[in-house]
Number of protein chains: 2
Amino acid sequence: MDYLQISTERCSMRPSKRDELVRKVLPVFYREGFHATGMDALVSETGISKTTMFKHFRTKDDLILAVLRHRDETFRNWLFRRLDETGLPPRERLLALFDVLKEWFSEPGFRGCMFIKASAEFQDPEHPAYVQSAEHKRLLLTALTRMCREAEVQNPAQLARQLLILKEGAIVAAHMGFDPDPAGAAKTAAESLVAIDTAQ
Amino acid sequence: MDYLQISTERCSMRPSKRDELVRKVLPVFYREGFHATGMDALVSETGISKTTMFKHFRTKDDLILAVLRHRDETFRNWLFRRLDETGLPPRERLLALFDVLKEWFSEPGFRGCMFIKASAEFQDPEHPAYVQSAEHKRLLLTALTRMCREAEVQNPAQLARQLLILKEGAIVAAHMGFDPDPAGAAKTAAESLVAIDTAQ
DNA sequence: GAATATATGTACCGATCTGTACATATTGGA
DNA sequence: TCCAATATGTACAGATCGGTACATATATTC
């Protein structure tokens, strides 16, 4: 495991090969899946030699784990920065979550949530990829709960859980294509939940 | 492909080897995943010889497809039969969906939704396993919409979409373990949605 | 420009993958 | 009891899997 490895970029050094590797490999795993993507496929799709890959990551699992950690960081950063940029007051910012989701769904390369897919491929609760995926969701819940507190709703913990469930459901709906506008439907639902909470 | 193959059981003949095979293989795929489960593992876990497997299914993909079709049928039958058994009036029956989900989540072997996982492993929208998974969700949406109409809500189509999103979100939450009672949270949310719809 | 570290290309290892060949049991119906 | 169909066990083919050895090339640093 390389849990303790620290990205050189976070230390403000120049971009390391290791980080370049993770960035190049991530979209392939995202698009094709983890088991379905062999190391040879990664080599031919990224142009990075296999020798280099195994110099930076002892095993394929270690590489997958680094990819998931990178995704966790960039996704949460992206999501909450987008919410901040709206400049909306706390209560409306909660609902803006679903506008941001809608943007994401409409991106051409959208293929669902990487962590839902990782937990589908690595189901053993002891597996680091599963643990990392669950942790990502837990961090989202924590951040959403804080946002709900800032919005001064009656029951921040419960509303946050419900909003997160709506978010995950909308992602599944978008990925599986059984709803033409899952983010819109989820946002309407969220508006109802916030209104009910306020009315109490 | 064996799309057109008809289960002998549906024709009220005696249980065929083919159906026995699907039934025995399903839990292994469900528990371990599709790519992660090799044909040899299926042989050793079910006791059915490899020769027999490939006599009834030309390829592993055909076997997976038969498993998904079987799951689609049994899951929807199970779900709506449970809802019928409640004997509740239409409106309360909508909410009972989340009580039934709660039961499912608490089963010892629960490992999330097989179709979410299948669409995570077979992401190509042309892949039969993806198509079958999307179709399963579409059928659920159709049935939910009918239930909403029977409950005489204001906007059956929209409420059905929202309920389905809540259901999928609750399944993800249950599978990834970031919520102690996802069905409960989703049910509370659903109650709000139904109440709002009624008030209009 | 020499020395050191890092990246590449190729060729390979043993294991496992899907799928097959074939000879032997086992079953069910006439 | 005989026949036909079906299931089994073993052994294997060909491809691909994750991962390594090793010699060469490239870049950085002093």
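Convention: sequence-line order gives letters A, B, ...; per-chain numbering from 1. Keep in mind that what you see is a predicted model, and the values were worked out from it rather than measured.
In this structure, the CZ atom of A/R18 is 14 Å from the P atom of C/dT6, given to the nearest Å. Put simply, CZ on B/F34 is 13 Å from P on C/dT18, counting in whole angstrom units. When rounded to the nearest whole Å, the span between CZ of A/R58 and C1' of D/dT20 equals 14 Å. One interatomic measurement links the two molecules: CE of B/M53 to P of D/dT10, which rounds to 16 Å at whole-angstrom precision. Here C/dC22 presents its C1' atom at 17 Å from CZ of B/F54, a figure rounded to the nearest Å. Atom NZ in A/K55 sits about 14 Å away from atom P in D/dC22, given to the nearest Å. Distance CG (A/D61) to P (D/dG18): 10 Å, rounded to an integer number of Å. Put simply, CG on A/L63 is 15 Å from P on D/dC17, counting in whole angstrom units.
The side chain of B/T52 approaches D/dT8 more closely than any other nucleotide in the set D/dT8, C/dG19, D/dG18. Checking C/dT8, D/dT20, D/dA7 against every side-chain atom of B/H56, the shortest atom distance belongs to D/dA7.
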Donor-acceptor pairs are to be reported for all side-chain atoms of residues 160-168 of chain B against protein atoms at under 3.5 Å, with residues two or more places apart or in another chain.
| residue | atom | partner | partner atom | Å |
| --- | --- | --- | --- | --- |
| B/R161 | NE | A/D179 | OD1 | 3.1 |
| B/R161 | NE | A/D179 | OD2 | 2.9 |
| B/R161 | NH2 | A/D179 | OD1 | 3.0 |
| B/R161 | NH2 | A/D181 | O | 3.1 |
| B/Q162 | NE2 | A/A185 | O | 3.2 |
| B/E168 | OE1 | B/K137 | NZ | 2.9 |
| B/E168 | OE2 | B/K137 | NZ | 3.2 |

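Residues forming a ring pair (Phe, Tyr, Trp, His ring centres under 6.0 Å) with B/F105 (at least two apart in sequence, or on another chain): B/F110. The ring pair (Phe, Tyr, Trp, His ring centres under 6.0 Å) check on A/H70 picks up nothing, with sequence neighbours excluded. Scanning for ring pair (Phe, Tyr, Trp, His ring centres under 6.0 Å) contacts around A/H175 gives an empty result, with sequence neighbours left out. Residues passing the ring pair (Phe, Tyr, Trp, His ring centres under 6.0 Å) test with B/F29, sequence neighbours excluded: B/F34.
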Pairwise N/O distances under 3.5 Å, protein to nucleotides 9-17 of chain C:
| residue | atom | partner | partner atom | Å |
| --- | --- | --- | --- | --- |
| C/dG9 | O6 | A/T51 | OG1 | 2.7 |

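Heavy-atom neighbours of A/E85 CD from other residues, nucleotides or ligands within 6.0 Å: above the threshold of 12.
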